[in-house]
S.K.: 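Below you'll find the structure I mean.
All values reported here derive from a predicted model rather than from experimental measurement. Hydrogens, waters and symmetry mates are skipped; everything else that's a heavy atom, side chains included, is used.
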Amino acid sequence: MDEALRQALLRPRLRLHGTIEDDWIDRLIEVIEAGAEDDILSIEVMTTGGDAEVGRRLSLEICMARDRGRRVAFLGKTTVYSAGATFMGCFRTEERWLTPDCWLLIHERQMQADIPLNGGLRACRAQLQKAMAEVETGEVLQRKGFEDLAAGSKLSADEVERRALENWYLKADEALELGLVGGIFEG
C-alpha cells in the first residue's frame with residue numbers, strides 16, 4: 001500500500017454508517033464535487049444493509065468519478081452487509097479494504113409482496129405478470145452485482161451467487177483469501 005492511500009484510509013473523506021438510505025447519495029455527491037480531482041476519495045462504510053437501489057446509485061456515482069480520473073478507495077469497518085456489499089462491489093478489488101474485525105454479508109435481493117387477486121381473470125393475470133416482471137428485473141440486477149463483486153477475485157459470479165443463496169457471511173481474512181478485497185487495513 002502506498003503512503004497516500006494509507007493516509008486516505010486513516011482520514012476518510014466520507015464516513016457512512018447505518019442503514020443505506022437516500023441521504024447517502026446526496027452526501028456522496030457533495031464529497032465527490034467538493035474534493036480535488038487529484039486526491040484519493042476514501043469512503044468508510046459500516047452498514048447492516050438497506051435499500052438495494054440506493055446501493056446501485058452509490059455505485060454509479062463512484063464509477064462516474066473513477067471514469068473522470070478520480071482515485072477511489074473503500075474501507076469497510078465492522079459490518080458491510082447486503083446493499084453495502086453491492087456498493088463495495090463497484091470498487092476495483094485493489095480499492096477495497098476491510099478492517100480485521102469486519103464481516104460481510106452477501107445474499108440474494110429480498111422481496112416481500114402480497115398480491116391481491118380479486119376480479120376478472122385478466123386483471124388477476126396482470127397483477128401476477130407485474131410481480132413476475134419485478135422478480136425477473138431483480139434477478140438481472142442481482143446478477144450484475146454478483147459479477148461486480150466477483151471481478152478481480154478468485155471467484156466466479158456463479159460461485160458468489162451460489163454462496164449468496166444461503167446468506168453468505170464471511171470475515172475480512174476470508175474475503176482477502178478469496179481475493180474479494182485488496183487488503184486488511186489496520187491503520
S.K.: Please name the pair of heavy atoms, one in Ala172 and one in Thr99, separated by the smallest distance, quoted to 0.1 Å.
M.R.: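 Closest approach of Ala172 to Thr99: CB-O, 3.3 Å.
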S.K.: Does CG belonging to Asp26 count more than 12 external heavy atoms closer than 6.0 Å?
M.R.: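 Above 12, so yes.
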S.K.: Could you go through Lys130 and Glu134, starting from their C-alpha distance and side-chain angles, then the distance that decides it, and tell me whether this counts as salt bridge (charged side-chain N to carboxylate O under 4.0 Å, His left out)?
M.R.: CA-CA 6 Å; Lys130 178 182 172 188; Glu134 187 175 344; over 6 Å; no
S.K.: side-chain contact (heavy atoms from CB on, under 4.5 Å), that's the test. Do Ile106 and Val160 meet it? Break it down for me.
M.R.: CA-CA 8 Å; Ile106 302 164; Val160 172; 4.2 Å; yes
S.K.: Check for a donor-acceptor pair, side chain of Ser42 on one end and backbone N or O of Ala8 on the other, with a separation under 3.5 Å.
M.R.: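 Pair found, side chain donor or acceptor close to backbone of Ala8.
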S.K.: For a 4.5 angstrom cut-off between non-hydrogen side-chain atoms, does Val45 reach Lys77?
M.R.: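 SC-SC contact between Val45 and Lys77 ruled out.
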S.K.: In terms of side-chain geometry, is the basic nitrogen of Arg57 or Glu61 positioned less than 4.0 Å from the acidic oxygen of its partner?
M.R.: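 Glu61 and Arg57: salt-bridged.
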S.K.: Taking the side chain as C-beta and beyond, is there a heavy-atom pair between Met1 and Glu94 under 4.5 Å?
M.R.: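 No, too far: nothing below the 4.5 Å cut-off.
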S.K.: If you measure from the Lys or Arg side-chain nitrogens to the Asp or Glu carboxylate oxygens, is any gap between Arg13 and Asp39 under 4.0 Å?
M.R.: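 A salt bridge is present here (some side-chain N lies under 4.0 Å from a carboxylate O).
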S.K.: One pair to check against salt bridge (charged side-chain N to carboxylate O under 4.0 Å, His left out): Arg71 and Asp2. What are the steps and the verdict?
M.R.: CA-CA 13 Å; Arg71 188 172 175 196; Asp2 64 65; 2.8 Å; yes
S.K.: Show the numbers, then the answer: is there a side-chain contact (heavy atoms from CB on, under 4.5 Å) between Leu117 and Leu128?
M.R.: CA-CA 8 Å; Leu117 299 177; Leu128 292 171; 4.0 Å; yes
S.K.: Could you measure the distance from the OG1 atom of Thr79 to the CG atom of Leu105? Nearest 0.5 Å is fine.
M.R.: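 The OG1 atom of Thr79 sits 9.5 Å away from the CG atom of Leu105.
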S.K.: What closest approach, in Å, do Ser59 and Phe87 show between heavy atoms, and which atom pair accounts for it?
M.R.: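 Minimum heavy-atom separation between Ser59 and Phe87: OG-CA, 3.6 Å.
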S.K.: Against Tyr81, only a single residue in Trp103, Tyr169, Trp168 fulfils ring-ring contact (aromatic ring centres under 6.0 Å, His included); can you say which?
M.R.: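 Running ring-ring contact (aromatic ring centres under 6.0 Å, His included) over Trp103, Tyr169, Trp168 with Tyr81 returns exactly one hit, Tyr169.
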S.K.: Could you tell me whether the side chain of Leu180 reaches within less than 4.5 Å of the side chain of Thr93, counting heavy atoms only?
M.R.: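 They are not in contact (no side-chain heavy atoms under 4.5 Å apart), so the answer is no.
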S.K.: What's the spacing between Cys90 SG and Met64 CE if we round to 0.5 Å?
M.R.: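 Here the rounded value is 12.5 Å.
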S.K.: Could you check if a side-chain atom of Arg92 sits within less than 4.5 angstrom of a side-chain atom of Val72, using non-hydrogen atoms only?
M.R.: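 No. Closest side-chain heavy atoms not under 4.5 Å.
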S.K.: At their closest point, which heavy atom of Ala131 faces which heavy atom of Ile115, and how far apart are they?
M.R.: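 Shortest heavy-atom contact: CB-CD1, 3.5 Å.
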S.K.: Can you see which heavy atom on Pro100 is nearest to which on Phe185, and at what distance?
M.R.: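 For Pro100 and Phe185, the tightest heavy-atom pair comes out as CD-O, 3.4 Å.
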S.K.: Please report the C-alpha distance between Arg68 and Ile32 in whole Å, then the side-chain angles of each, then the deciding distance to 0.1 Å, and finally whether the side-chain contact (heavy atoms from CB on, under 4.5 Å) criterion is met.
M.R.: CA-CA 11 Å; Arg68 292 189 305 268; Ile32 289 171; 3.4 Å; yes
S.K.: Mind checking whether Leu58 and Met46 sit in one hydrophobic cluster, side chains of I, L, V, M, F, W, Y counted as touching below 4.5 Å?
M.R.: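 No, Leu58 and Met46 fall in different hydrophobic clusters.
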S.K.: Taking NZ, NE, NH1 and NH2 as the nitrogens, is one of them in Glu21 or Arg27 under 4.0 Å from a carboxylate oxygen of the other?
M.R.: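 The answer is no: the pair does not qualify as a salt bridge.
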S.K.: Check the pair Lys144 / Glu147 against salt bridge (charged side-chain N to carboxylate O under 4.0 Å, His left out), numbers first and verdict last.
M.R.: CA-CA 5 Å; Lys144 172 72 168 98; Glu147 289 170 356; 5.7 Å; no
S.K.: Evaluate the side-chain proximity of Leu178 to Leu170: yes if any heavy-atom separation is below 4.5 Å, no if none is.
M.R.: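 When only atoms from C-beta onward are counted, Leu178 and Leu170 do touch, with a gap below 4.5 Å.
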S.K.: Verify the cluster assignment for Leu98 and Ile62: are they in a single hydrophobic cluster under the rule of side-chain heavy atoms below 4.5 Å apart?
M.R.: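 Yes, it is one cluster - the side chains of Leu98 and Ile62 are joined through contacts under 4.5 Å.
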S.K.: Testing the basics here: between Leu149 and Gly89, what is the closest heavy-atom pair and its distance to 0.1 Å?
M.R.: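 Shortest heavy-atom separation between Leu149 and Gly89 comes out as CD1-CA, 3.9 Å.
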S.K.: Would you check if there is a donor-acceptor pair between the side chains of His107 and Glu166 at a distance under 3.5 Å?
M.R.: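 No.
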S.K.: One pair to check against side-chain contact (heavy atoms from CB on, under 4.5 Å): Arg56 and Leu141. What are the steps and the verdict?
M.R.: CA-CA 9 Å; Arg56 288 184 56 239; Leu141 297 173; 3.5 Å; yes
S.K.: Please check this pair: side chain of Glu44 against backbone of Leu75, looking for a donor-acceptor N/O pair closer than 3.5 Å.
M.R.: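 Judged by distance alone, no pair lies under 3.5 Å.
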S.K.: Any side-chain heavy atom of Leu155 within less than 4.5 Å of one from Arg163?
M.R.: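 Yes, side chains in contact.
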S.K.: Check this for me, if you would: do Arg143 and Glu139 make a salt bridge, where the nitrogen-to-carboxylate-oxygen distance has to be below 4.0 angstrom?
M.R.: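 No.
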S.K.: Answer yes or no: is there a side-chain heavy-atom contact under 4.5 Å between Trp97 and Leu9?
M.R.: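 Yes; the side chains approach each other to less than 4.5 Å.
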S.K.: Can you list every salt bridge (charged side-chain N to carboxylate O under 4.0 Å, His left out) pair that touches residues 174-186, not counting sequence neighbours?
M.R.: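 Sorted pair list comes back empty.
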S.K.: If hydrophobic clusters are built from ILVMFWY residues whose side chains come within less than 4.5 Å, do Ile40 and Leu14 share one?
M.R.: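 Per the 4.5 Å side-chain linkage, Ile40 and Leu14 are not co-clustered.
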S.K.: In Å, rounded to the nearest 0.5 Å, how long is the span from CG of Asp148 to OG1 of Thr86?
M.R.: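 Reported to 0.5 Å precision, the distance equals 9.0 Å.
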S.K.: Is there a path from Leu16 to Phe74 through hydrophobic residues (I, L, V, M, F, W, Y) whose side chains come within less than 4.5 Å of each other?
M.R.: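 Yes, same cluster.
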S.K.: For the atom pair OG (Ser156) and CD (Glu161), what is the distance rounded to the nearest 0.5 Å?
M.R.: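 If we round to the nearest 0.5 Å, Ser156:OG and Glu161:CD are 9.5 Å apart.
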S.K.: Grouping I, L, V, M, F, W and Y whenever their side-chain heavy atoms are under 4.5 Å apart, do Val80 and Ile25 come out in a common cluster?
M.R.: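 Same hydrophobic cluster.
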S.K.: Taking all heavy atoms of Ile20 and all of Gly84, pick out the closest pair and write down the distance.
M.R.: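 Heavy atoms only, the tightest pair is CD1-N, 3.3 Å.
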S.K.: Between Arg66 and Glu95, does at least one N-O distance fall below 4.0 Å, as a salt bridge requires?
M.R.: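 Here Arg66 pairs with Glu95 in a salt bridge, since their nearest N and O are under 4.0 Å apart.
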S.K.: Evaluate Gln129 against Arg125 for side chain to side chain donor-acceptor pair (under 3.5 Å), listing each step before the verdict.
M.R.: CA-CA 6 Å; Gln129 287 172 328; Arg125 177 184 298 276; 5.7 Å; no
